[in-house]
Amino acid sequence: MEINDILKLIEAVSEHGLTSFVLEENGSKISMKKEKEVITVTAAPAVQTVIAPAAADARDISGTAPSVPAGYMAPAVSAAGTEMSRSESIGSDKVVTSPLVGTFYNAASPDSDAFVSVGDTVKKGQVLGIIEAMKLMNEIESEYDGVVEAVLVNNEEVVEYGQPLFRIR
């Protein structure tokens, strides 16, 4: 069997969605196996529109600086969207993220004050909020010492695994 025949065979197996194929011919054996494709779906947190920074030395292929209209707004990302600006970041390396999917609560009860708010000093291990998942209340503790720079979720908001909750400086 020649290489062109083998390539045609590979294409035919792929086109028909086969996951395995074995061919024995004249003492030669060809075996092909395709692993199942795993698809992972994640939702990006909602992000508000961001003004794109103008790069001073940005050049296009012709060597001229691109013109950016005044008030140009970069594309925004919604929870259902997939486009995200590379320049966009949380703004700190100290970010507390959600360890699970559930509903975020900023206080122990509706009548209580919030565990923390922007500007509060926190210690490592201090409770920042609660995530309810499957009727279980999971305390979210600070992983850092510092000052709460931002609370990135609202009370009673559904959060995803890995979603940023707090930014600490």
* Structure fact -> Interatomic distance, CE@Met137 vs OG1@Thr103, rounded to 0.5 Å, equals 8.5 Å
* **Verify same cluster id: Tyr105, Val96 (apolar side-chain graph, 4.5 Å)** => no
* Structure fact -> Closest non-hydrogen atoms of Gln126 and Val116, given as atom of the first, atom of the second and distance, are NE2-CG1, 3.7 Å
* Which atom of Ile131 lies closest to which atom of Gly102, heavy atoms considered -> CG2-CA, 3.7 Å
* Can you name the closest pair of heavy atoms from Asp145 and Ile168 and give their distance? -> O-CG2, 4.3 Å
* What are the two closest non-hydrogen atoms of Val101 and Ala133, and how far apart are they? -> O-CB, 3.4 Å
* **Test item: Lys124 and Tyr144 side chains (from C-beta on) under 4.5 Å apart, heavy atoms** => no
* Asked: Nearest heavy-atom pair of Ala114 and Ala107: which atoms, and what distance?
  -> CA-CB, 4.1 Å
* Applying the side chain to side chain contact (heavy atoms under 4.5 Å, CB included) test to Val151, which of Val118, Asp120, Asn106 qualifies? -> Val118
* Structure fact -> Closest non-hydrogen atoms of Val122 and Ser142, given as atom of the first, atom of the second and distance, are CG2-OG, 3.9 Å
* Structure fact -> The residue among Leu128, Ile130, Val153, Leu152 that forms side chain to side chain contact (heavy atoms under 4.5 Å, CB included) with Phe104 is Val153
* Heavy-atom distance under 4.5 Å between the side chains of Asn155 and Pro110, does that happen here? -> no
